[in-house]
Amino acid sequence: MLPLTIFRNNPELVKNGLLAKGETAGIEALVEMDNRHRAMVTKLNAMRSERNKTSELIAQSKRIGQDAAELIMAMRDLSEQVKTLESESAELHEKISGELEYIPNLPHESVPRGSNAEDNVVVRVWGEKPEFDFKIDNHLDLGAKLDLFDFNRGAKIAGSGFPLYTGQGARLERALINFMLDYHVENYGFTEIFPPFMTNSAASRTTGQLPKFAEDMYRTDIDGLYLIPTAEVPVTNIHRDEIIPEQDLPKFYVAYSACFRREAGSYGKDTRGFLRLHQFNKVELVKFVIPETSYAELEALTKQAEAILKALGLHYRVVELCSADLSFAAAKCYDLEVWSPGEEKWLEVSSCSNFEAFQARRGNIRYRRESDRKVDFVHTLNGSGVATPRLLVALLETYQTEDGTIILPPVLQKYMGKRELK
RNA sequence: GGAGAGGUGGCCGAGCUGGCUGAAGGCGCCCGCCUGCUAAGUGGGUAUAGGCAGUGAUCCUGUCUAUCCAGGGUUCGAAUCCCUGCCUCUCCGCCA
């Protein structure tokens, strides 16, 4: 959520930012409603002040045993007016904040302007494209030969897009998750979190899924809970409605969770295998930091996510998203894309974003500064570290050998209890 | 699922026979004084959000308003009374 003051004081900044994100935003209506609302509040405050003063007079009269009937009669009318204006004001306020919740974050000034994903900028590339001197299989063939997973039975149980991992495939999934959690805890001092996999609407609102993207989430109708599309939602909400002492910042959390996405509107795209799923596993990194450090922390976060791919020896690149490709809540974002030899494509396995105060404002997540003891909103960041499905694709395809066995990278061997899949 | 208790400021904890209570008292924290150092003592300060004004910006000053879990209601007036919801705790039942 953006602060209303910036619409008042710097409407051009907002317009340009929204335009860069590809939003055609009508700010004028919002500003007009804000003006109207402020006039109401001013009037309301005056009326309430009057009421409070008179109430005090009534109290004094009663205390000394005088009759206050006249004052009370006069107040009855004013009180009615206050109530009417209160409800009008509240209604308008709700409308304003309702609209505000649909307005995305503005891109940071360092973000390249662009109109679509074509304008994203490749920042760096790590490793080399693996070469093979035999005809390689894609991950589906490899999975079938080694009985790692079974999409048909997954579909029978739940539906398409719900993978069933089997045998050493299931073990490998668990190994990847454990490896990534341990890595971030041991090397970077992240605190491990195991969050709820469902959140209420307030939590989903903080991170920006609600109200605009309600259709993308699974919801349990009876209890009004949402299955999380990412651990970002519960973990960011750990500190919702809190004031964190500055000395407790920064806070680094790492969490595994299953992620559930309806992927409404994306049917027909990337339907093969693991490329797009309704349920998948992900290890997520979340940071709460003071505003001054958030962009340095974004760079660090990206490198921390990259470290996983390096440790696994996978060829990847870092892409800086252009303004138009930024997600709703992000001010700046780097994607990590791993190379899939079978698909001959780069696959997105991580998104590392700085949300600045956008989520903090929505979730009222603040900190108390040491210098002047004032409160201010924290900056939040998160990045996948990383999502498993496409990682698995790259891993299987990269480490396949001619006889069909997969030689596991050393860091995974202890988690698997063996050196290869065959 | 059944029965009961309760939700007050950073924390603990009064108030809850409705009216100088934004809220006693304590702890913590900040500034000063005192003390050879520490401890103790002592004086003061210490919520958040919003409107308006000050030639005035997410700063400063003044002023007004709101907030005692949330939302309604009663009343001239609600932390205090009534209703609904949420949450926490205790006991019983069920259960991985």
Side-chain angles (χ1 to χ4, degrees), chain A residues 1-14 17 31 33-97 100 105-106 194 196-205 220 222-225 237 239-249 290-292 294 331 356-358 360-379:
Chain A
M1 198 153 66
L2 298 171
L4 256 178
T5 47
I6 162 174
F7 288 84
R8 284 177 214 156
N9 302 328
N10 213 337
E12 287 309 308
L13 184 79
V14 178
V31 172
M33 281 196 287
D34 178 43
N35 286 336
R36 211 144 39 88
H37 180 247
R38 277 150 65 209
M40 271 186 197
V41 168
T42 303
K43 189 171 171 196
L44 187 58
N45 281 347
M47 286 162 75
R48 288 204 270 221
S49 177
E50 169 78 17
R51 184 183 66 183
N52 288 346
K53 277 179 193 145
T54 312
S55 284
E56 185 49 36
L57 288 181
I58 293 171
Q60 280 173 14
S61 298
K62 294 239 166 166
R63 222 170 289 133
I64 58 174
Q66 279 183 355
D67 179 48
E70 212 167 299
L71 285 172
I72 289 175
M73 284 308 287
M75 276 303 94
R76 202 164 280 169
D77 195 43
L78 179 63
S79 226
E80 275 312 306
Q81 291 179 40
V82 167
K83 255 176 209 165
T84 308
L85 193 56
E86 264 174 355
S87 67
E88 282 176 23
S89 168
E91 199 179 311
L92 188 55
H93 181 74
E94 212 159 291
K95 206 169 162 194
I96 291 169
S97 36
L100 262 185
N105 202 359
L106 305 177
F194 202 114
F197 286 4
M198 295 196 202
T199 53
N200 55 33
S201 59
S204 312
R205 200 167 287 274
T220 66
I222 294 176
D223 300 299
L225 294 171
N237 277 279
H239 296 295
R240 188 174 85 235
D241 290 321
E242 289 184 15
I243 299 176
I244 306 166
E246 182 176 347
Q247 60 265 29
D248 292 355
L249 294 175
I290 60 173
E292 290 80 0
S294 69
E356 298 188 356
F358 189 83
R361 241 177 250 116
R362 293 169 84 97
N364 199 27
I365 309 167
R366 295 175 294 175
Y367 75 105
R368 190 176 297 281
R369 263 196 304 269
E370 295 222 53
S371 56
D372 59 5
R373 309 253 93 213
K374 295 284 186 193
V375 292
D376 197 3
F377 293 108
V378 300
H379 280 193

Would you indicate, yes or no, if [N] has its OP1 or OP2 atom less than 4.0 angstrom from a side-chain nitrogen or oxygen of [X]?
{"X": "A:Ser79", "N": "B:G77", "answer": "yes"}
{"X": "A:Asn52", "N": "B:A66", "answer": "yes"}
{"X": "A:Arg51", "N": "B:U65", "answer": "no"}
{"X": "A:Arg366", "N": "B:A49", "answer": "yes"}
{"X": "A:Ser55", "N": "B:G19", "answer": "no"}

Remember a base hit wins even if backbone is also touched, and classify A:Lys374 as base, sugar-phosphate or nothing at under 4.0 Å, heavy atoms.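 Sugar-phosphate, backbone atoms only, no base.
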
Heavy atoms under 4.0 Å, any strand shown: does A:Leu71 hit a base, just sugar-phosphate, or nothing?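 No contact.
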
Expressed in whole Å, how much space separates the [atom1] atoms belonging to [N] and [M]?
{"N": "B:A78", "M": "B:C69", "atom1": "P", "result": "15 Å"}
{"N": "B:G28", "M": "B:C11", "atom1": "C1'", "result": "7 Å"}
{"N": "B:C29", "M": "B:C76", "atom1": "C1'", "result": "41 Å"}
{"N": "B:A14", "M": "B:G2", "atom1": "P", "result": "31 Å"}
{"N": "B:C34", "M": "B:G41", "atom1": "C1'", "result": "8 Å"}
{"N": "B:C83", "M": "B:U88", "atom1": "P", "result": "23 Å"}
{"N": "B:A66", "M": "B:A23", "atom1": "P", "result": "13 Å"}
{"N": "B:G25", "M": "B:G43", "atom1": "P", "result": "13 Å"}

Review item, nucleotides 50-52 of chain B N/O atoms under 3.5 Å of protein N/O:
{"residue": "B:G50", "atom": "N2", "partner": "A:Asn45", "partner atom": "ND2", "Å": "3.0"}
{"residue": "B:G51", "atom": "OP1", "partner": "A:Arg8", "partner atom": "NH1", "Å": "3.1"}
{"residue": "B:G51", "atom": "OP1", "partner": "A:Arg8", "partner atom": "NH2", "Å": "3.0"}
{"residue": "B:G51", "atom": "O2'", "partner": "A:Thr42", "partner atom": "OG1", "Å": "2.4"}
{"residue": "B:C52", "atom": "OP1", "partner": "A:Arg38", "partner atom": "NE", "Å": "3.3"}
{"residue": "B:C52", "atom": "OP1", "partner": "A:Arg38", "partner atom": "NH2", "Å": "3.4"}

Hey, is CD on A:Glu94 packed in by over 12 heavy atoms from elsewhere, all under 6.0 Å?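 Atom CD in A:Glu94 is not crowded, with 12 or fewer foreign heavy atoms closer than 6.0 Å.
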
Exceeds 12 heavy-atom contacts within 6.0 angstrom, atom CD of A:Glu86: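 Count over threshold, so yes.
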
If I take atom [atom1] in residue [X] and atom [atom2] in nucleotide [N], what distance separates them, rounded to the nearest angstrom?
{"X": "A:Arg76", "N": "B:C76", "atom1": "CZ", "atom2": "C1'", "answer": "7 Å"}
{"X": "A:His93", "N": "B:A66", "atom1": "NE2", "atom2": "P", "answer": "16 Å"}
{"X": "A:Glu86", "N": "B:A78", "atom1": "CD", "atom2": "P", "answer": "10 Å"}
{"X": "A:Arg48", "N": "B:A66", "atom1": "CZ", "atom2": "C1'", "answer": "6 Å"}
{"X": "A:Asp241", "N": "B:C86", "atom1": "CG", "atom2": "P", "answer": "19 Å"}
{"X": "A:Leu85", "N": "B:A66", "atom1": "CG", "atom2": "C1'", "answer": "14 Å"}
{"X": "A:Leu78", "N": "B:C76", "atom1": "CG", "atom2": "P", "answer": "12 Å"}
{"X": "A:Met47", "N": "B:C76", "atom1": "CE", "atom2": "C1'", "answer": "14 Å"}

In Watson-Crick or G-U wobble terms, both distances under 3.5 Å, what is the partner of [N]?
{"N": "B:G19", "answer": "B:C76"}
{"N": "B:G4", "answer": "B:C89"}
{"N": "B:G43", "answer": "B:C31"}
{"N": "B:U63", "answer": "B:G51"}
{"N": "B:G25", "answer": "B:C12"}
{"N": "B:U38", "answer": "none"}

Backbone N/O of [Y] and side chain of [X]: donor-acceptor pair under 3.5 Å:
{"X": "A:Ser294", "Y": "A:Ile290", "answer": "no"}
{"X": "A:Asn237", "Y": "A:Arg240", "answer": "no"}
{"X": "A:Ser55", "Y": "A:Arg51", "answer": "yes"}
{"X": "A:Glu246", "Y": "A:Glu370", "answer": "yes"}
{"X": "A:Asn9", "Y": "A:Thr5", "answer": "yes"}
{"X": "A:Arg366", "Y": "A:Ile243", "answer": "no"}

Using the closest heavy atom to pick a nucleotide of RNA chain B for each, name whichever of A:Lys83 or A:Glu50 lands nearer the 5' end. A:Glu50

Let me spell it out: for each of A:Asp376 and A:Leu44, pick the nucleotide of RNA chain B with the closest heavy atom. Which residue's pick is nearer the 5' end? A:Asp376

Within the structure provided, determine whether A:Phe7 and A:Asp34 are in side-chain contact (heavy-atom separation under 4.5 Å).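 The answer is no; the side chains never approach within 4.5 Å.
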
Does the side chain of A:Ser89 reach to within under 4.5 Å of the side chain of A:His37, using non-hydrogen atoms? yes

Of the candidate nucleotides B:G19, B:A57, B:U48, which contains the atom at the shortest distance from the side chain of A:Ala59? B:G19

